[in-house]
Chemist: 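This is the structure I have questions about; it appears just below.
The chains referred to below are lettered A, B, ... by the order of the sequence lines, with proteins before strands, and numbering in each begins at 1. Keep in mind that this is a model prediction, so the values were computed, not measured.
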Protein chains: 2
Amino acid sequence: MRDVAAEAGVSVKTVSRVVNNERWVSGEVTDRVERAIRKLGYRPDARARAMRNSGLAGRTLGVVHADLANPFFTAVHSGIEAVAQEAGCTILTASSRDKTDNQDRLIQTFNDRRVDGFIVVPAVDTTYGSSSALDEEIERSTPIVFIDRRYGEQNDFVRSDNVAGAKMAAEHLVAHGHQRIAYLGDHPNLWSAQRRELGYVEALGASGVDIDERLVLTGLYDEAAAASAAEQLLELDAPPTAFFAAKNYLAVGVVRALHRLGKQNDIAVVGFDEIALADLVVPGITTIPQNAPALGRIACELLLDRLDNGRTEPIEEVVPVTLIRRGSGEVAGPFATDRP
Amino acid sequence: MRDVAAEAGVSVKTVSRVVNNERWVSGEVTDRVERAIRKLGYRPDARARAMRNSGLAGRTLGVVHADLANPFFTAVHSGIEAVAQEAGCTILTASSRDKTDNQDRLIQTFNDRRVDGFIVVPAVDTTYGSSSALDEEIERSTPIVFIDRRYGEQNDFVRSDNVAGAKMAAEHLVAHGHQRIAYLGDHPNLWSAQRRELGYVEALGASGVDIDERLVLTGLYDEAAAASAAEQLLELDAPPTAFFAAKNYLAVGVVRALHRLGKQNDIAVVGFDEIALADLVVPGITTIPQNAPALGRIACELLLDRLDNGRTEPIEEVVPVTLIRRGSGEVAGPFATDRP
DNA sequence: AGTATCCCTGACAACGATGTCAAGTGCACT
DNA sequence: AGTGCACTTGACATCGTTGTCAGGGATACT
């Protein structure tokens, strides 16, 4: 910047004025400075810039995902990125791999970089117990938006309609003649998992179907866990005739188990979340996809709203879900009527 | 920091010394300062820190992906992230969505943030033509590592063994009795796509199989393009009996087309890249997965090597690939012998 | 002529940290 | 007592930028 000033024969402050399009700079000087800038290939240092005025220079947002390897979160991220790029924000992204330790360290790191706000999908073990780092940020009222998993009651929160989605799944299976419907869920303390289980319970209750506790398994994290859980359930004296798998990986695990056992056409499956190639498997996998990009987009918009408009009262946004029939959810159960 | 100094009754410089574990600070003062730091919850500003000494404070790396929505790049990213976190680096990530414009803007943005180095998967239209932003970085010898797509000859470059992988695919299909093997490829100017086509051509040549130019289609970017290309090829008078799809999305498109036509058990398919649920489709999709996390890991290590050890001569790292049989690649062709 | 107003510019301090240098303690050695 | 060395601390300049304020020239008003 000094070099530019020297080249143009003006002071550094004037260069700053030209760069920032401030008023009251004569056209001739502006020209000289702009020529000098181009000649020397000068670009302002966003860090130094941000040190003085925390607003005008592009904002920086910190995004902490639970697990970026999961395509659901990748899709969420694309929504965030779209809005952030549109608004000229830089985003720092990282994945906690569902460990509160990692998550808290990342928040610290982002804080050292003085991000203007956070978008967080709390790690699975953060949703019970708690995170000192998150508590601290909330305490000092850093703008922060949560996605998918609730953290506290007074914070911005963007989520899918988990209860409604789970109800749709359970009702769909009941309508296709199933009464013994197994529920496979993620960690029981995970907020979204609780909501899905609640939807399952409510829907079955409303349909007058008794719930067999032995068919409700939670604490399942990955494909392998879901697959072996499914296999065990199918060995019961009164095995389930249908599965509701409340997360993408779990549905894949169930389907894989059914294929191993050759029962994919006898047992029904509905999975929460979208699954790639779900339509190519035979039978196709019936799913309840979330509108993941919308979750990300809305979260980013809420954050920018806090940042730009100084909003402080918390907002909760709910995105609807729908069920997509592909075959696995339409396998007829023992109580099926002709036309479900 | 000033507050901490006041609280501890020392100068700011002494606080700095404590924070940085410099020698020659008395134990008593260290204690006082550390207590003050904890009491006030002080954390040093990484940006201000980086302004003076470009090294000691955590480095910042800029990662520009071509398309983060593609699971291949997501997997690459997890490798980068693992190494970067290990080394205490922060990474700025963004996706160019395969547009040079976006890519160049991102590089500018990262530059404004004064990142210490770049990891780049050049946008597809950067690999011909060129990118002024990339050229400029190379010109001023910014540390930079390319992944998957070559950019220039004198830069670090990490890639899979595309030629060998494509040869494996073609030879595998020939060994299963196929002679009319279609090649579906990405943009013809994309480096990795060229290499895969080369492998295909060489393998067929070595096997004494004539190449029918009508079976070689390139410039296909997504599933839909590959699906309709496959359908058109199958309407030829002499249709292909096998497909080599040189990218994950293209293989999915072909498989989808075959399923629509009910020919999935008659026409063989081998796909480059891994595909989720490839084993659950019937027949399973034979693929040549890349070791994506390794690509990311190595790239990040190379970058850190440039940064820490000041290496300047370019290194090219090649990661091997293997073929995984799942069924679709083993569909017998018209010239099949008993035991391929 | 005096002065109020607009317009343009630059000197200087600040942001939050570290590098440099000099000064101040002790202590052991000549 | 004087010198040298090891240790400990702080004042100050610096990184690259912007906010504040003051100053100067032109123009238009009393």
Chemist: Do A:Arg297 and A:Glu301 sit within salt-bridge range, that is, some charged N less than 4.0 Å from a carboxylate O?
Modeler: no

Chemist: Could you check whether B:Lys99 pairs with B:Asp101 (Lys NZ or Arg NE/NH1/NH2 to Asp/Glu carboxylate O, under 4.0 Å)?
Modeler: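 No salt bridge links B:Lys99 with B:Asp101.
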
Chemist: A:Asn20 has an atom CG; how far is it from atom P of D:dT20, in whole Å?
Modeler: 14 Å

Chemist: Please check the phosphate of C:dA17 (OP1 and OP2 only) for any side-chain N or O of A:Arg47 closer than 4.0 Å.
Modeler: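 Indeed not, no polar side-chain atom of A:Arg47 lies that close.
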
Chemist: Once you round it to whole Å, what is the distance between P of D:dG16 and CD1 of A:Ile37?
Modeler: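 Taking atom P of D:dG16 as the reference, CD1 of A:Ile37 is at 16 Å.
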
Chemist: Is B:Arg49 salt-bridged to A:Asp112, cutoff N-O under 4.0 Å?
Modeler: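 Judged by the 4.0 Å cut-off on N to carboxylate O distance, B:Arg49 and A:Asp112 do not form a salt bridge.
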
Chemist: CZ of B:Phe157 to CH2 of B:Trp191: how many Å apart, nearest 0.5 Å?
Modeler: 4.0 Å

Chemist: Should A:Phe72 and A:Leu295 be marked as a side-chain contact (heavy atoms from CB on, under 4.5 Å) after you check the CA-CA gap, both sets of side-chain angles, and the distance that decides it?
Modeler: CA-CA 10 Å; A:Phe72 167 65; A:Leu295 294 174; 3.7 Å; yes

Chemist: When the ring planes of A:His65 and A:Phe73 are compared, do they come out parallel, tilted or perpendicular, using 30° and 60° as the limits?
Modeler: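 Tilted: the ring planes of A:His65 and A:Phe73 meet at 30° to 60°.
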
Chemist: What are the atom names and distances for every N/O pair under 3.5 Å that joins the protein to nucleotides 22-28 of chain C?
Modeler:
none

Chemist: If we only count heavy atoms from C-beta on, is the B:Ser192 to B:Arg159 side-chain gap below 4.5 Å?
Modeler: no

Chemist: So which protein nitrogen or oxygen atoms get under 3.5 Å of nucleotides 8-10 of chain D's nitrogens or oxygens?
Modeler:
residue	atom	partner	partner atom	Å
D:dT9	OP1	B:Ser26	OG	3.0
D:dT9	OP2	B:Ser26	N	3.0
D:dG10	OP2	B:Ser11	N	3.0
D:dG10	OP2	B:Ser11	OG	3.2
D:dG10	OP2	B:Thr14	OG1	2.4
D:dG10	N7	B:Arg17	NH2	2.5
D:dG10	O6	B:Arg17	NH2	3.3

Chemist: Enter the distance from A:Arg113:CZ to A:Thr109:OG1 here, rounded to the nearest 0.5 Å.
Modeler: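 The OG1 atom of A:Thr109 is 8.0 Å from CZ of A:Arg113, to the nearest 0.5 Å.
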
Chemist: Could you state the atom-to-atom distance from CE of A:Met51 to P of C:dA13 in whole Å?
Modeler: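 Whole-Å distance recorded here is 17 Å.
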
Chemist: Establish, with yes or no, whether the OP1 or OP2 oxygen of D:dT18 is under 4.0 angstrom from a side-chain nitrogen or oxygen of A:Ser16.
Modeler: yes

